[in-house]
Amino acid sequence: MEELKLDSKIMFCQMDELDDKDRILVETARAATDNSYSPYSKFKVGAAIRLDDGTIIKGANQENAAFSITICAERSAIYAAQAQHPEKAIVSIAIAARNEEGFTKEPVSPCGMCRQAMVEIEQRYSQPIHILLYGRKGVYVMDSISNLMPLSFVDLN
Ligand code: THU
């Protein structure tokens with residue numbers, strides 16, 4: 001039997017090490033937490049997407065008393081971008097989250113469903129997504145969702 005090793009490359013840096021575009025996207029994701037509707041979890045997640053023409057689209061988690069129809073910040077931003085600008089590729093996404101005590105210390109990481117949605121975006125626009133995960137201790141930066149979602153499901157038909 002052969003052992004297959006899968007590599008992920010994730011960079012870690014401080015906000016002031018990011019270039020202007022990335023820092024603005026992270027700041028927009030932080031600001032987008034204000035648009036969260038999360039009376040049940042009280043966990044406000046914000047996302048900001050940059051399209052290939054520079055347009056920025058915000059997303060925030062939207063909860064519901066029927067919990068399972070809640071949508072995460074990442075997918076609310078992705079689907080808003082696709083619904084409004086289907087012809088523009090999504091090039092970057094930044095994510096931030098806070099609870100009643102403030103922004104998380106650890107960088108917030110997208111759930112499995114949002115990772116799967118990002119896999120499809122990379123396929124749809126034939127380019128990787130630059131991903132920025134914000135926490136008070138610093139920012140994780142990666143160049144493709146494949147770093148968080150190896151061996152993902154894709155339509156092989
Ligand atoms: N949430 C997100 O917005 N993004 C994720 O990747 C994981 C979780 C939201 C869903 C729910 O409103 C709250 O965080 C607590 O789970």
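Every heavy atom of this structure was used, including side-chain atoms; hydrogens, water molecules and symmetry mates were not.
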Colleague: Looking only at heavy atoms, what is the nearest atom pair of Val119 and Ser152, with distance?
Modeller: CG1-OG, 3.5 Å
Colleague: Backbone N or O of Ala60 within a donor-acceptor pair of the Gln62 side chain at under 3.5 Å?
Modeller: yes
Colleague: Can you confirm whether Ile121 sits close enough to Gln82 that some side-chain heavy atom of one is under 4.5 Å from a side-chain heavy atom of the other?
Modeller: yes
Colleague: What's the spacing between Glu100 CD and Lys44 NZ if we round to 0.5 Å?
Modeller: 8.5 Å
Colleague: If I take atom CD1 from residue Ile10 and atom CG from residue Asp143, how far apart are they, to the nearest 0.5 angstrom?
Modeller: 11.0 Å
Colleague: Met149, Val91: one ILVMFWY side-chain cluster at the under-4.5 Å cut-off?
Modeller: no
Colleague: Which heavy atom of Lys137 sits nearest a heavy atom of Phe12, and at what distance?
Modeller: O-CZ, 3.2 Å
Colleague: Would a single hydrophobic cluster contain both Leu132 and Met11, if residues Ile, Leu, Val, Met, Phe, Trp and Tyr are joined by side-chain heavy-atom contacts under 4.5 Å?
Modeller: yes
Colleague: Begin from the C-alpha positions of Phe43 and Glu63 and carry the test side chain to side chain contact (heavy atoms under 4.5 Å, CB included) through to its verdict.
Modeller: CA-CA 10 Å; Phe43 192 61; Glu63 298 186 347; 5.5 Å; no
Colleague: Assess whether side chain to side chain contact (heavy atoms under 4.5 Å, CB included) is satisfied between Ile90 and Met118, documenting all intermediate values.
Modeller: CA-CA 9 Å; Ile90 292 175; Met118 288 185 234; over 6 Å; no
Colleague: When rounded to the nearest 0.5 angstrom, what distance separates CG in Leu151 from OG in Ser146?
Modeller: 10.5 Å
Colleague: When clusters are formed from ILVMFWY side-chain contacts under 4.5 Å, directly or step by step, what else is grouped with Leu4?
Modeller: none
Colleague: How close do Tyr134 and Thr104 get, counting heavy atoms only, and between which atoms?
Modeller: O-OG1, 4.1 Å
Colleague: Can you measure from CG (Leu148) to OH (Tyr140) and round to the nearest 0.5 angstrom?
Modeller: 10.5 Å
Colleague: I'd like to know whether NZ of Lys21 has more than 12 heavy-atom contacts from other residues, nucleotides or ligands below 6.0 angstrom.
Modeller: no
Colleague: Consider only side-chain N and O atoms of His130 and Asp22, and report whether a donor and an acceptor are under 3.5 Å apart.
Modeller: yes
Colleague: Atom CG of Leu25 and atom CD1 of Ile93: how far apart are they, to the nearest 0.5 Å?
Modeller: 8.5 Å
Colleague: Would you list the pairs meeting side chain to side chain donor-acceptor pair (under 3.5 Å) in which at least one residue belongs to residues 69-80, sequence neighbours left out?
Modeller: none
Colleague: Quick one, Arg98 with Asp34, criterion side chain to side chain contact (heavy atoms under 4.5 Å, CB included). Give me CA distance, side-chain angles, the key distance, then yes/no.
Modeller: CA-CA 10 Å; Arg98 62 185 165 89; Asp34 290 345; 2.7 Å; yes
Colleague: Are Val26 and Ile24 co-members of a hydrophobic cluster defined by side-chain heavy atoms under 4.5 Å apart?
Modeller: yes
Colleague: Can you check whether Phe103's main-chain N or O pairs, donor with acceptor, with Arg136's side chain at less than 3.5 Å?
Modeller: yes
Colleague: Give me the atom names and distance for the closest heavy-atom approach of Gly46 to Thr33.
Modeller: N-CG2, 3.4 Å
Colleague: Please assess Leu18 against Cys13 for the test side chain to side chain contact (heavy atoms under 4.5 Å, CB included), listing each intermediate value before the final yes or no.
Modeller: CA-CA 8 Å; Leu18 295 174; Cys13 69; 3.5 Å; yes
Colleague: Please name the pair of heavy atoms, one in Ile129 and one in Glu122, separated by the smallest distance, quoted to 0.1 Å.
Modeller: N-OE2, 2.9 Å
Colleague: Please find the pair of heavy atoms, one from Pro110 and one from Arg115, that lie closest to each other, and give the distance.
Modeller: O-NE, 2.7 Å
Colleague: Should Ile131 and Tyr125 be regarded as members of a common hydrophobic cluster, given that ILVMFWY residues are connected when their side-chain heavy atoms come within less than 4.5 Å of each other, either directly or indirectly?
Modeller: yes
Colleague: Measuring from atom CD of Gln127 to atom CZ of Arg124, what distance do you get when rounded to the nearest 0.5 angstrom?
Modeller: 12.5 Å
Colleague: Just checking Glu27: does its CD atom have more than 12 heavy atoms from other residues, nucleotides or ligands closer to it than 6.0 angstrom?
Modeller: yes
Colleague: Quick check: does any side chain N or O of Asn61 sit under 3.5 Å from a backbone N or O of Val45, one acting as donor and the other as acceptor?
Modeller: yes
Colleague: Answer with yes or no whether the hydrophobic clustering places Ile145 together with Ile95; edges join I, L, V, M, F, W, Y residues whose side-chain heavy atoms lie under 4.5 Å apart.
Modeller: yes
